[in-house]
Visitor: 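Below: one structure in structure tokens.
Residue numbers begin at 1 in each chain, while the letters A, B, ... track the order of the sequences.
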Amino acid sequence: MQNLLPKEFYEKHNTLSLAKQLLGCTLVHESPQGRTSGIIVETEAYLHNDPACHAYRKKTTRNAAMFENAGVAYVYLIYGLHHCFNIVSGAKNIGEAILIRALEPIEGIELMQERRNTKNLCNLCNGPAKLVQAMAITPGFNFFPLDSDKFHCINTQSTDFQIVTTTRIGITQGADLPYRFYIEGNKFVSRK
DNA sequence: CTAATGATGAACT
DNA sequence: GTTCATCATTAGG
């Protein structure tokens, strides 16, 4: 696959810069049921010195993936019933990651509609737990490298959009930090 | 061992 | 716009 983002891509940018670089890229999952993909339209950065970051305190069983080398997946359960998907960034043993909050569906839309049990395109991937369900990302993808054949990102090299920088959603600590980025005017972003 | 909590979404009014 | 379901993980005793 052309323009597949290599591991070096995730390693060479710092977390904040990578969060912006990922906007406009396409996330692809070749699942047994079929291929699904979508453009990343919304991200949030979580830094190692950031109170809202899971890795802020110390390395634990749950957040261990965040301390891996950049370019692997970090999947975890939130509120006991939803999963969220992050792309790990930063150097090894530095717990940083980027939360993927929303996608614009591209391929496998029927499959996504089936998984999400809705046909409304805007309601398919406009939230972290929604896109996880639509793309069939399971907890088994924790530690999964994002330069593999069946699960990866593609650089679409699209610069035809403005990036909006704002504060993150759904957190109580570090709520004033401007670490959320999304594509201006895209109707698939999660916040109304 | 026990209790508090959370990077949410769906279903309401 | 507001409410609530629901549980693994974590921190504290």
Side-chain angles (χ1 to χ4, degrees), chain A residues 10 14-23 25 27 36 38 40-68 70-90 94-105 112-144 146 153 163-183 186-192:
Chain A
Y10 301 99
N14 68 45
T15 300
L16 285 175
S17 146
L18 186 58
K20 286 182 273 194
Q21 296 278 333
L22 285 171
L23 290 176
C25 292
L27 180 67
T36 49
I40 298 172
V41 297
E42 182 178 354
T43 61
E44 284 180 8
Y46 287 87
L47 308 187
H48 68 98
N49 60 351
D50 162 16
C53 180
H54 285 171
Y56 177 60
R57 281 183 168 278
K58 64 182 180 183
K59 185 174 180 176
T60 65
T61 314
R62 177 174 70 153
N63 64 28
M66 296 181 83
F67 292 84
E68 277 306 310
V72 302
Y74 167 47
V75 181
Y76 72 97
L77 185 66
I78 185 66
Y79 298 128
L81 61 159
H82 299 298
H83 294 282
C84 294
F85 165 64
N86 301 243
I87 294 175
V88 174
S89 60
I94 304 293
E96 304 200 337
I98 296 158
L99 172 69
I100 308 301
R101 287 194 56 86
L103 301 177
E104 177 176 341
M112 292 185 184
Q113 290 170 333
E114 196 176 307
R115 286 168 176 160
R116 295 269 308 119
N117 201 24
T118 176
K119 57 182 180 179
N120 181 351
L121 282 186
C122 296
N123 198 26
L124 236 38
C125 294
N126 62 338
K130 295 180 182 181
L131 71 91
V132 161
Q133 189 182 3
M135 299 285 285
I137 299 170
T138 65
F141 280 91
N142 214 7
F143 290 100
F144 203 89
L146 287 165
C153 288
I163 295 177
V164 179
T165 301
T166 181
T167 52
R168 294 172 294 185
I169 294 179
I171 55 175
T172 53
Q173 315 239 316
D176 54 334
L177 296 171
Y179 292 165
R180 174 172 178 251
F181 310 98
Y182 65 93
I183 294 178
N186 188 291
K187 67 178 183 179
F188 295 97
V189 302
S190 64
R191 181 145 65 167
K192 315 159 193 127

Visitor: Whole angstrom is fine here: how far is it from CD1 in A:Ile137 over to P in B:dA7?
Guide: 19 Å
Visitor: Looking at A:Asn120, I want to see if its CG is surrounded by more than 12 non-hydrogen atoms of other residues, nucleotides or ligands under 6.0 Å.
Guide: yes
Visitor: Base, sugar-phosphate alone, or nothing: which one does A:Leu77 contact when heavy atoms must sit under 4.0 Å apart?
Guide: sugar-phosphate
Visitor: For the side chain of A:Thr60, counting heavy atoms from C-beta on, which of B:dT8, C:dT10, B:dG9 is nearest?
Guide: C:dT10
Visitor: Under 4.0 Å from OP1 or OP2 of C:dT10: is there any side-chain N or O of A:Lys58 that close?
Guide: no
Visitor: What is the distance from CD of A:Glu44 to P of B:dG6, rounded to the nearest Å?
Guide: 15 Å
Visitor: Any chance the side chains of A:Gln133 and A:Arg116 put a donor and an acceptor closer than 3.5 Å?
Guide: yes
Visitor: Round to a whole Å and report the spacing from CG of A:Asn86 to P of B:dT8.
Guide: 11 Å
Visitor: Mapping A:Lys130 and A:Leu99 onto DNA chain B by nearest heavy atom, which one lands closer to the 5' end?
Guide: A:Leu99
Visitor: Using purine N1 to pyrimidine N3 plus N6-O4 or O6-N4 for Watson-Crick, or N1-O2 and O6-N3 for G-U wobble, each under 3.5 Å, what pairs with B:dA7?
Guide: none
Visitor: Report yes or no: is there a donor-acceptor pair, N or O only, under 3.5 Å between the side chain of A:Tyr76 and the base of B:dA7?
Guide: yes
Visitor: Would you say A:Tyr46 stacks on B:dA7, if stacking means ring centres under 5.5 Å apart and planes within less than 30 degrees?
Guide: yes
Visitor: If you check the A:Ile169 side chain, which of B:dG6, B:dT8, C:dA8 turns out closest?
Guide: B:dT8
Visitor: Within the 4.0 Å heavy-atom criterion, would you say A:Ala52 contacts the bases, only the backbone, or no part of the nucleic acid?
Guide: base
Visitor: Out of the candidates A:Val75, A:Ile100, A:Ile137, only one should pair with A:Val132 under the side chain to side chain contact (heavy atoms under 4.5 Å, CB included) rule; please name it.
Guide: A:Ile137
Visitor: Under 4.0 Å between a side-chain N or O of A:Arg101 and OP1 or OP2 of B:dT8?
Guide: yes
Visitor: Using the rule side chain to side chain contact (heavy atoms under 4.5 Å, CB included), only one of A:Thr15, A:Ile171, A:Ile98 pairs with A:Tyr46; which is it?
Guide: A:Ile171
Visitor: In whole Å, I'd like the distance from the NE2 atom of A:His83 to the P atom of C:dT6.
Guide: 15 Å
Visitor: Is the backbone N or O of A:Asn186 less than 3.5 Å from a side-chain atom of A:Glu104, with the two atoms forming a donor-acceptor pair by type?
Guide: no
Visitor: Starting at atom CZ of A:Phe181, determine the distance to atom P of B:dA7, rounded to an integer number of angstrom.
Guide: 18 Å
Visitor: Could you tell me the separation between the CG atom of A:Leu81 and the P atom of C:dA8, rounded to a whole number of Å?
Guide: 11 Å
Visitor: Show the nearest heavy-atom pair for residues A:Met112 and A:Pro105, with the distance to one decimal.
Guide: SD-CB, 3.9 Å
Visitor: Looking across every strand, which nucleic acid part, if any, lies under 4.0 Å from A:Arg62 by heavy atom: base, sugar-phosphate, or nothing?
Guide: sugar-phosphate
Visitor: Please name the nucleotide paired to C:dT6 by Watson-Crick or G-U wobble geometry with both distances under 3.5 Å, or report none.
Guide: none
Visitor: Take the protein atom NE2 of A:His82 and the nucleotide atom C1' of C:dT9, then report the distance between them rounded to whole Å.
Guide: 17 Å
Visitor: Starting from the 5' end of DNA chain B, give me the residue, A:Asn123 or A:Phe85, whose nearest nucleotide shows up first.
Guide: A:Phe85
Visitor: Nearest-Å distance, CG (A:Asp50) to C1' (B:dG6)?
Guide: 15 Å
Visitor: Would you mind classifying the nucleic acid contact of A:Arg116 as base, sugar-phosphate or nothing, using non-hydrogen atoms under 4.0 angstrom?
Guide: sugar-phosphate
